[in-house]
Protein chains: 2
Amino acid sequence: MAKRVGISDVATAAGVSVTTVSHALSGQGNLSAKTREHVQRVAGELGYAPNRIASALRRQRSGIVGFVSDEIATTPFAGRIVLGAQDAAAERGLLLMLVNSNRDDRVEAQQIDSLLDQQVDAFVYARMSHGLVSLPAKLAGLPTVVVDAENPDGGAPWVVPDEVGIGRTATERLLAAGHRRIVHISVDAPGPGVDGRILGYRRTMAEHGLEPHVFTVPEPADASAGRETFEAALAAVPDLTAVFCFNDPMAMGVYQIAAERGMCVPDDLSLIGVDNLEVIAAQLRPGLTTVGLPHYEMGRWAIEQLSAMIGDPEWSSNRSQVELACPLIERGSVASPRKDTGRA
Amino acid sequence: MAKRVGISDVATAAGVSVTTVSHALSGQGNLSAKTREHVQRVAGELGYAPNRIASALRRQRSGIVGFVSDEIATTPFAGRIVLGAQDAAAERGLLLMLVNSNRDDRVEAQQIDSLLDQQVDAFVYARMSHGLVSLPAKLAGLPTVVVDAENPDGGAPWVVPDEVGIGRTATERLLAAGHRRIVHISVDAPGPGVDGRILGYRRTMAEHGLEPHVFTVPEPADASAGRETFEAALAAVPDLTAVFCFNDPMAMGVYQIAAERGMCVPDDLSLIGVDNLEVIAAQLRPGLTTVGLPHYEMGRWAIEQLSAMIGDPEWSSNRSQVELACPLIERGSVASPRKDTGRA
DNA sequence: GTGAAAGCGCTAACAC
DNA sequence: GTGTTAGCGCTTTCAC
């Protein structure tokens with residue numbers, strides 16, 4: 001590789017000092033427009049790009065944000081958060097350094113140490129499912145924002161999906177299609193995600209004077225849980241016409257039982273999931289109408305907050321706590337009930 | 001945050017020079033065991049950790065590997081590669097800097113520039129589906145390994161799944177269960193992945209004196225493609241008893257048609273997919289037997305190669321090209337054919 | 001308006 | 001064995 005061109009090469013070529021080059025390129029100081037332009041042109045011709053390592057050492061700021069996540073390899077969720085964070089970071093000249101712990105606190109601590117040695121300026125602390133976290137002590141000294149989790153005892157800003165809104169959106173969609181006997185299937189895993197969706201469902205049903213029916217089984221919230229809870233629901237509410245599922249894998253389980261019993265989605269049974277896992281929702285037949293989770297947006301939001309916090313001595317006063325709205329993704333699993341046998 | 005402790009703090013506290021501290025911690029030079037030990041203890045007590053930015057500037061080596069991928073957000077594949085790479089990197093004191101282009105060459109070029117400014121020591125150039133790539137010119141100067149793609153015109157080492165082996169493994173499994181009328185469904189998208197699996201299937205069938213049947217439709221290789229090709233297969237080979245599917249989403253499509261026609265998996269129809277996408281394969285009923293792709297292993301391999309190449313003036317002579325074996329993941333979609341109506 | 005020079009925290013010749 | 005010192009490439013203060 002040709003040796004990288006440095007600031008002094010540019011200075012020599014432009015016939016000015018390194019100071020002038022630095023000022024010309026960073027927009028600092030008072031340079032004549034002519035000099036500035038000249039230097040920029042020369043730098044461009046030489047293909048100069050500042051060495052960020054040297055710059056970081058001098059400025060005591062690396063321009064790197066550490067991204068710590070509990071896992072990255074089972075769903076595409078992490079990818080969506082990273083994508084949002086990366087886009088926002090690129091717009092601001094920041095770079096992301098990813099690290100993941102596979103839910104092992106020891107590994108996590110080591111990874112955080114590596115990032116600290118690397119002089120990262122700030123941290124994104126991301127979870128893949130909405131729960132409660134307390135931050136590792138090591139993060140206390142740097143701007144940190146928590147993604148897809150709440151940090152009740154700490155002072156870090158956080159961003160999560162609006163879970164109650166999800167329950168409301170799904171239930172209202174089913175109501176709007178004319179359904180009255182709508183059940184919600186979920187899991188026994190108290191936490192903001194499960195509880196919020198149940199609450200949104202219950203409230204919306206109550207507002208319409210309808211009786212809520214919630215069925216749960218122990219975690220995990222997968223297709224098998226969907227099958228079990230749906231069968232329980234059918235036994236208890238035989239004339240149900242619609243199901244709001246905690247997530248897409250559970251909805252997949254409902255499709256399976258429906259097929260087995262000769263129930264046709266959406267004519268005999270309307271279904272709404274949550275997650276918008278393309279790999280499931282778009283592959284089912286008919287496509288699954290589902291509520292999308294704002295992973296991309298949460299990633300963006302985190303970097304937007306951090307970039308304002310970096311270099312701000314008052315950063316720790318940022319205590320924003322945001323719930324992001326979740327869009328309904330229409331596919332084909334909701335229709336009007338075939339025969340509305342009257343009020344519930 | 002308390003000011004970070006530096007090497008000179010350790011030197012003062014230990015009553016030695018910074019050189020001695022540097023040597024004691026890096027294992028360089030000749031120090032008396034006593035001094036070395038003493039310094040290490042003091043450093044530990046002070047919680048000293050070297051500033052890698054300063055070290056990088058001085059050594060002209062950042063310890064960072066740039067990880068460039070075409071996409072990270074639609075399947076968990078990227079996550080698995082990253083995981084493997086990260087584990088291997090952590091073992092070697094390397095850190096990963098991820099960047100992804102969403103298949104946009106302009107974005108990719110910019111991202112690579114950022115990594116270069118950051119003085120990364122080497123690159124992983126990863127694709128999410130096995131194809132052919134030529135490397136961006138910018139990568140020419142640094143050790144680079146290509147993951148899940150081949151680099152026919154370049155000199156970079158690469159690692160890919162053994163696609164022919166996948167076709168063979170799947171076909172042999174079906175043969176071993178007693179099937180003879182086995183079809184392969186795939187897509188019209190020539191490339192190592194599609195072609196290799198077809199070849200492995202054809203060869204294995206030929207070795208057993210059986211007639212191969214391959215059905216394809218245009219991309220994408222999703223459930224819809226699975227439904228179409230399977231219906232075509234049924235029309236052409238009505239007494240088929242087993243299907244080897246190009247990937248798991250296509251297999252999902254086959255389940256759908258099978259359910260519709262009252263065919264029971266695996267009793268009336270055995271199925272094997274490829275991908276081991278948990279989110280599909282483990283959620284189908286019965287679980288889908290599938291051939292797993294070695295994403296984690298490919299990520300590890302890439303870093304292992306790179307770490308040997310970093311700092312080796314002869315690095316460009318590394319032209320390893322590896323095809324990694326792919327494991328059969330047994331779930332429940334393969335059984336013996338119900339009635340073997342004789343030879344094909 | 002422009003430039004000289006002092007470091008950022010570390011490593012590695014080299015001297016003792 | 002241990003210490004002195006000269007940078008790595010940049011930013012920024014301060015002098016001109």
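Just so we're on the same page: letters track the sequence lines, and every chain starts at 1.
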| query | Within the modelled atom types, does a donor on one side and an acceptor on the other bring the side chain of A/T19 and the base of C/dA4 under 3.5 Å apart? | reply | yes
| query | Counting only side-chain N and O atoms of B/S17, is one of them less than 4.0 Å from OP1 or OP2 of D/dT2? | reply | no
| query | Can you check the B/I7 CD1 to C/dT11 C1' distance for me, whole Å? | reply | 8 Å
| request: Could you check if a side-chain atom of B/E297 sits within less than 4.5 angstrom of a side-chain atom of B/W301, using non-hydrogen atoms only? | output: no
| Is A/E37 salt-bridged to A/R41, going by a charged N under 4.0 Å from an acidic O? | no
| request: Counting heavy atoms from C-beta on, name the nucleotide in D/dT2, D/dC10, C/dT2 closest to the side chain of B/S32. | output: D/dT2
| Roughly how many Å is it from CG in B/D117 to C1' in D/dC10, rounded to a whole number? | 13 Å
| Check ion pair B/D117-A/R4 (N to O, under 4.0 angstrom) | yes
| B/R127/B/E150 ion pair, N-O < 4.0 Å | no
| When the distance from CG of A/L31 to C1' of D/dT11 is rounded to whole Å, what number comes out? | 14 Å
| task | Could I get the full list of ring-ring contact (aromatic ring centres under 6.0 Å, His included) partners for A/Y125, not counting sequence neighbours? | result | none
| note | Testing C/dG1, C/dT11, D/dT12 for proximity to the side chain of A/S22, the answer is D/dT12
| query | Listed in order of residue number, which residues of residues 45-66 of chain B have a non-hydrogen atom at under 4.0 Å from DNA chain C? | reply | B/Y48, B/P50, B/N51, B/A54, B/S55, B/R58, B/R59
| said: Can you measure A/H23 atom NE2 to C/dG3 atom C1' for me and round it to whole angstrom units? | reply: 10 Å
| So do B/L98 and B/N100 actually touch side chain to side chain, heavy atoms under 4.5 Å? | no
| task | Specify the residue among A/V18 and B/R36 whose closest nucleotide of DNA chain D lies further upstream toward the 5′ end. | result | B/R36
| Atom CG of A/N30 to atom C1' of D/dC14: distance rounded to whole Å? | 14 Å
| Would you call A/R300 and A/E304 a salt bridge, taking side-chain N to carboxylate O under 4.0 Å as the test? | yes
| query | Once you round it to whole Å, what is the distance between P of C/dG1 and NE2 of A/H38? | reply | 18 Å
| task | Classify the nucleic acid contact of A/T35 as base, sugar-phosphate or nothing, counting any heavy atom under 4.0 Å across all strands shown. | result | sugar-phosphate
